[in-house]
Amino acid sequence: MVRRLLLLNGLAVVGAVLNHTTGWGFTAMFWWVHRYLPVEPPNFDQMGSAGYYLLLGLQQAIMFAVPAFLFVSGYFIAFATGRQDLKGSWRLIRSRIIYLLVPYLVWSLLVFAADFVEGKRQTVAGYAEMLVMGRTTPAYYFIPLLIQLYLLSPLLVRAAKRYPRALLAGTLIVQLGVRTLVYLDTWGFDLGAAAPLMELTGSWFFPGHLFWFSAGVVVGLNPVVFQRIAVGGRKLFLAGASFLLPLGVLEWQQILAGAEQPWIPIRETLLDSLYAALFILAFMGYESARIPFSQGLEKLAGKAFGVYLVHSPALQFGARAIYFVAPWLLGNVLLLQAVLFAIGVGVPLLVMGVADLNWSPVRRSYRYLFG
Amino acid sequence: MDTTKQILTEYVEKEIMRRPGGVTSEDMDLLSTGILNSLSLLQLISFVERKFNRQIPVEEIVYENFHSVAAMANYLKATSPAS
């Protein structure tokens, strides 16, 4: 089961990078289209093209990535604190948060510095808000989210020990409630007095992801039961995930059709949540199934946090470099994805590799840079 | 230090801490000191399974067996096929 969890995380790292390369793919398709076609941006004529559905399909396929990361984090917390007293638990949580927060702050400050050089300035309050809500880059919401979940974990672990089913049901209701609010907001429903509830729906805020982490905690305390369920139902889970993959693409088209704008940033929906759960269960259930490049994926999993931190600014820089230097590439969906993926994984691994060299002046600070 | 503990210590220092001599004692709590996170824990267990040719039952992957070099070595010794 352990190696399977490691592989799942390796795939999730790939998924996280692809999530952002496809985001840049849509940017190239709609907002940067003038760089390779004689049209004015934004232009949505490519919506419905083969390239569009390729990107949408990729986005849908990797919807398990963030849930998988949170699931493994919950599993770890249950393992590490499940049998400790509260003082011991907080000692561990504190050290975990330090090794999340320090690298996060370092890379956020580097991005702020780069933005500053380009003339993008914020007030102090603006910078503080970006840090608290993980808005430095589109990917960085995950760190404030994970820190909140770690802070909640003593409560969640206690609940998982005493009332695992109630915890799962309760957190699922909260999470699905948040998803539902997102649908309503996207379709322009007037939420009236409930409008303040929309504050719960930010990616960085824990209610929208509480179930995944809690599920990891419950599984961490009951691994044998989980394994039995995953293995016993694996054919059903695989069939369900396979069915939901194209359905999720269709769902997103329906959501877009009902939205007030031609395009909205992709976000996890109700079907995506179900797909992610079935994917994880199926993946863990087929425990002996060989995955191509599994050794590489396991190694990548171990570097997940570093890849996560560095890939977002690397992609930002890479995509903008392509915009200026090779705009023709923006019009080739497949090739652009391949190049961006190589940048998104290659640059972090290169940076981490150089930092880890014996002569590197930052080698001793490696964990404060990459977790 | 016996061979098992030496192998485990070297792995933790080289692959996880990236610092020779980082494991100051075989009883050092690798979890509460922040040395092991979720993914490095999984990597460590995967290494233990490969290196010592074991399939560790999931119900035995608990804090008591994996929080320090000494705990891991004791667990491996106690569950060794020869014991």
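Below, chains carry the letters A, B, ... as their sequence lines are ordered, and counting in each starts from 1. Hydrogens, waters and symmetry mates play no part in the numbers below; they use all other heavy atoms, side chains included.
Side-chain contact between A:F79 and B:I61: present, with at least one pair of heavy atoms (C-beta onward) separated by less than 4.5 Å. Using a 4.5 Å heavy-atom threshold, the side chains of B:I35 and A:R367 count as touching.
For A:Q227, the part lying under 4.5 angstrom from a heavy atom of chain B is the side chain only. Only the side chain of A:D356 comes within contact range of chain B, judged by heavy atoms closer than 4.5 Å. In this structure, chain A has no heavy atom under 4.5 Å from any part of B:E15. Heavy atoms of B:S46 lying under 4.5 Å from chain A belong to its backbone as well as its side chain. Only the backbone of A:K299 comes within contact range of chain B, with at least one heavy atom under 4.5 Å from a heavy atom of that chain. Contact annotation for A:F69: neither backbone nor side-chain heavy atoms come within less than 4.5 Å of a heavy atom of chain B. Only the side chain of B:L41 comes within less than 4.5 Å of a heavy atom in chain A; its backbone stays farther off. Neither the backbone nor the side chain of B:I56 comes within contact range of chain A, judged by heavy atoms closer than 4.5 Å.
Residues satisfying the ring-ring contact (aromatic ring centres under 6.0 Å, His included) test with A:H311, not counting sequence neighbours, are A:H20, A:Y308.
Contacts between residues 93-103 of chain A and chain B, counted as heavy-atom pairs separated by less than 4.5 Å, involve A:S95, A:R96, A:Y99.
Taken to the nearest 0.5 Å, the OG atom of B:S40 stands 12.5 Å off from the CZ atom of A:F305. Here CZ of A:R91 is found 10.0 Å from OG1 of B:T33. Values are rounded to the nearest 0.5 Å. The CD1 atom of B:I45 lies 9.5 Å from the CG atom of A:L6; values are rounded to the nearest 0.5 Å. Distance check: B:Q43 CD to A:R3 CZ gives 11.0 Å after rounding to the nearest 0.5 Å.
Contact between B:L36 and A:F76 at its shortest, heavy atoms only, is O-CZ, 3.5 Å. Here the shortest heavy-atom pairing between B:L42 and A:V2 reads O-CG1, 3.5 Å. The two atoms that bring A:A301 and B:L39 nearest to each other are O-CD1, 3.2 Å, heavy atoms only.
Residue A:Y368 places its OH atom among 12 or fewer non-hydrogen atoms of other residues, nucleotides or ligands, all under 6.0 Å distant. Applying the 6.0 Å contact sphere to CZ of B:R18 captures more than 12 heavy atoms from other residues, nucleotides or ligands.
Chosen from B:R50, B:E49, B:M17, the residue pairing most often with chain A at heavy-atom distances under 4.5 Å is B:R50.
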